[in-house]
Structures are given as C-alpha cells and as structure tokens.
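Order of the sequence lines sets the chain letters (A, B, ...), proteins ahead of strands, with each chain counted from 1.
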Protein chains: 2
Amino acid sequence: MNNTRLSTALHILSLLAHSEGDLLTSEWIAGSIGVNPVIVRKEMAVLKKAGLVESLAGKEGGTRLAKPAQKIKLSEVYQAVQQATLLGKKNLQPNPNCPVGKKINDQLEALYAEAEEKLMKFLAKKTLAEFSSVF
Amino acid sequence: MNNTRLSTALHILSLLAHSEGDLLTSEWIAGSIGVNPVIVRKEMAVLKKAGLVESLAGKEGGTRLAKPAQKIKLSEVYQAVQQATLLGKKNLQPNPNCPVGKKINDQLEALYAEAEEKLMKFLAKKTLAEFSSVF
DNA sequence: CTAATTGTAACAAATATTATTACATTTAAA
DNA sequence: TTTAAATGTAATAATATTTGTTACAATTAG
C-alpha cells in the first residue's frame with residue numbers, strides 16, 4: 001500500500017460521519033483533503049460500490065453515508081480500496097527448475113493471505129464512529 | 001507494499017537456508033528468482049545491514065546466512081526491507097482550517113502504527129526455518 | 001431553462017519500482 | 001604475480017503505478 005487510497009477514504013468517510021446526514025459535495029471534501037475533486041469522486045465510486053456511501057446527482061446533490069458510522073467497520077473500508085496484497089507482489093518469474101523457485105509463490109501466497117486475514121480481524125474491531133470520534 | 005522486495009528477500013533467504021552454509025553467488029540466486037543479479041546484490045546489502053546474511057567478496061565468494069534459519073524471524077526480514085508504512089501514506093496536504101483535516105493524520109498514524117505492531121507480532125512467531133521447510 | 005452537481009473517460013504528470021550498464025575492489029587459485 | 005570470478009555500488013534507463021487534470025455527458029433542484 002504505497003499510496004494514499006485508504007487515507008483518502010478514511011478522510012472522506014470521517015467528514016461524512018460528521019455531517020449529520022447532510023450531503024457534502026466532492027468539491028467541498030476535496031478542499032479538506034487537499035486534492036482534486038475528481039480524485040474524490042473516483043474514490044466515492046469505490047465506496048459506493050462497497051455500500052458505504054450514497055450520492056445524489058444534480059444541483060444540491062452530494063454524498064452521505066449509506067449506513068450509520070457505528071456500523072461501518074474499518075475492514076470494510078480497507079477491502080473496498082485495496083488493490084495490491086498487503087505484503088507485496090509475489091515473484092514474477094521464479095525458475096521452475098529450482099526447488100525453491102517452483103514452490104516459493106505458493107508459500108508466499110499462504111503467508112500473505114494469513115497476514116491479511118489477521119489484519120482484517122484487527123480492522124473489523126474498529127468502526128468509523130470510533131475512528132472519527134476525535135474530530 | 002506494492003513491490004516485490006519482501007518476496008525477493010524471502011526467496012533469497014530460503015535459498016541460503018537450503019545451502020547448508022555454502023556460499024551462493026548473486027548470479028546463481030538471480031537465476032532462481034528470475035531477476036537481475038544487481039537486484040539481488042542490492043537486496044543483500046539490506047539483509048546484511050540487518051545482520052541476517054554475510055558475504056565474502058572475490059573469487060569463490062558469495063553469501064550465506066549470518067545465523068541459523070531457526071533464529072531468523074520473519075518480522076526481522078519485514079523490517080529490513082520495509083520502506084513505506086503497511087497501510088499507506090498519510091494525506092499530504094490536509095486543510096488545517098477543517099477540524100477533520102487538522103487531526104486526520106494523527107489519527108491515521110495511530111491506526112497504522114497499531115496495525116503494523118499487530119503484523120509484527122504475527123511475523124515474529126514465524127521463522128525462516130519454518131517458512132523454508134517445504135522446499 | 002439554468003446552474004450546480006455527479007459520473008466517467010481520456011490523457012498528462014509525477015513518483016516509485018525494477019532493470020541495466022559500468023566499473024572499482026576484493027580474493028582464491030593457476 | 002597475474003588472472004578470473006566475485007561483491008559493492010553508482011549512474012542511468014525503462015516500466016509501472018499513482019495522482020492530477022481536462023472535458024463533457026447526464027442529472028436534478030430551483
């Protein structure tokens with residue numbers, strides 16, 4: 001995760017959690033994060049697909065949480081934005097004629113999956129409500 | 001971690017764990033991984049700094065583990081190769097005039113640090129010996 | 001109607017990662 | 001003592017990923 005996707009998503013969701021159900025525009029949110037509004041809208045598309053937010057188009061439109069902040073687990077947020085695996089890419093071209101090369105990726109996959117599972121359990125214990133309660 | 005650094009490091013270390021203390025050359029290791037020998041030597045420099053391997057220069061030179069595979073924890077390997085934080089970068093330019101923007105990075109930092117700590121405890125329970133026992 | 005907004009595609013710019021070349025240095029062995 | 005085989009590392013190039021931008025169609029309240 002050498003990117004800002006999770007940070008951006010949590011920032012967006014924290015703002016929405018504090019908006020009391022009011023619709024916030026991508027432009028307004030972008031101003032708080034310090035990024036381009038299109039970045040926000042793209043991230044919104046991802047959060048929307050995951051059922052975390054809902055948007056209304058058109059004048060006076062905007063976005064709000066699709067369910068209470070108490071019911072949004074941080075694991076859901078992570079899974080929505082996640083692309084690459086937590087611990088990295090596997091090896092791309094291991095040599096199948098080498099006993100290690102032949103099996104390394106299975107072994108890495110197992111390790112990485114287990115690590116990710118542990119992380120999910122950790123994040124599942126935390127809610128957006130808790131995370132954003134300090135603001 | 002959208003890179004292959006940990007995978008490469010674990011591949012290298014697994015080969016060394018199976019070499020019975022024999023010195024392996026970066027060229028040979030590179031052939032098993034399927035990357036350029038210089039990539040291996042660069043990663044070696046990192047593992048060496050962490051005290052996990054030792055190298056001998058010159059003809060008939062190469063690299064071997066600096067301590068038994070039973071004593072190398074995967075958390076040590078992770079910490080040696082890690083650059084970015086586990087869950088990503090913080091927001092770069094949050095708006096300090098916004099209550100959320102002002103504190104978001106502290107909050108993200110706390111969350112990310114906790115997640116990383118959990119991961120370290122998980123990886124500290126695993127050794128290179130276990131990881132490479134299947135080869 | 002009109003103005004404000006979302007949604008998204010297409011493209012550009014910036015950054016990060018991986019690969020390559022080159023060569024100085026080291027060292028065993030012929 | 002010379003040579004060949006290594007490491008170590010700097011410099012640079014090539015790729016891939018991430019982030020930013022522009023443009024515009026579609027939607028909708030007023």
Review point. In Å, rounded to the nearest 0.5 Å, how long is the span from CG of A/Leu119 to NZ of B/Lys118?
Key: 11.0 Å

Point to revise | side-chain contact (heavy atoms from CB on, under 4.5 Å), paired with A/Ile29, selected from A/Val35, A/Thr8, A/Leu24 | key: A/Leu24

Between [N] atom [atom2] and [X] atom [atom1], what is the distance in whole Å?
X	N	atom1	atom2	value
B/Arg5	C/dA16	CZ	P	14 Å
B/Trp28	D/dA6	CH2	P	13 Å
B/Arg64	D/dA6	CZ	C1'	14 Å
A/Ile39	D/dT22	CD1	P	12 Å
A/Leu47	C/dG7	CG	C1'	15 Å
A/Asn3	C/dA14	CG	C1'	15 Å

Main-chain N/O of [Y] paired to [X] side chain as donor or acceptor, under 3.5 Å:
X	Y	value
A/Gln107	B/Ser132	no
B/Asn95	A/Gly31	yes
A/Asn91	A/Asn105	no
A/Thr4	A/Ser7	no

Revision key, fill the gap. Per-nucleotide protein contact along nucleotides 21-30 of chain C, 5' to 3', at a 4.0 Å heavy-atom cut-off (B base, S sugar-phosphate only, - neither), is B----BBB--

**Study point:** Nucleotide of C/dT18, D/dT19, D/dT18 approaching A/Gln83 most closely (side-chain heavy atoms)
**Key:** D/dT18

Exercise for review: Looking only at side-chain atoms of A/Lys42, point me to the closest of D/dT21, C/dT18, C/dA16.
Suggested key: D/dT21

Would you please confirm or rule out a distance under 4.0 Å between OP1 or OP2 of [N] and any side-chain N or O of [X]?
X	N	value
B/Thr4	C/dT18	yes
B/Asn2	D/dT17	no
A/Ser55	C/dT5	no
B/Lys48	D/dT7	no

Point to revise | Sorted by number, the residues of residues 13-26 of chain A with heavy-atom contact under 4.0 Å to DNA chain C | key: A/Leu24, A/Thr25, A/Ser26

Check your understanding: Using a heavy-atom distance cut-off of less than 4.0 Å, which residues of residues 88-96 of chain B contact DNA chain D?
Key -> none

Check your understanding: When you look at NZ of B/Lys67, are more than 12 heavy atoms from neighbouring residues, nucleotides or ligands closer to it than 6.0 Å?
Key -> yes

Practice item. Kindly indicate, with the supporting measurements, whether the criterion side chain to side chain contact (heavy atoms under 4.5 Å, CB included) is fulfilled by A/Leu86 and A/Tyr112. Key: CA-CA 7 Å; A/Leu86 183 65; A/Tyr112 294 178; over 6 Å; no

Point to revise | 5'-most by nearest nucleotide on DNA chain D - B/Gly61 or B/Ala45 | key: B/Gly61

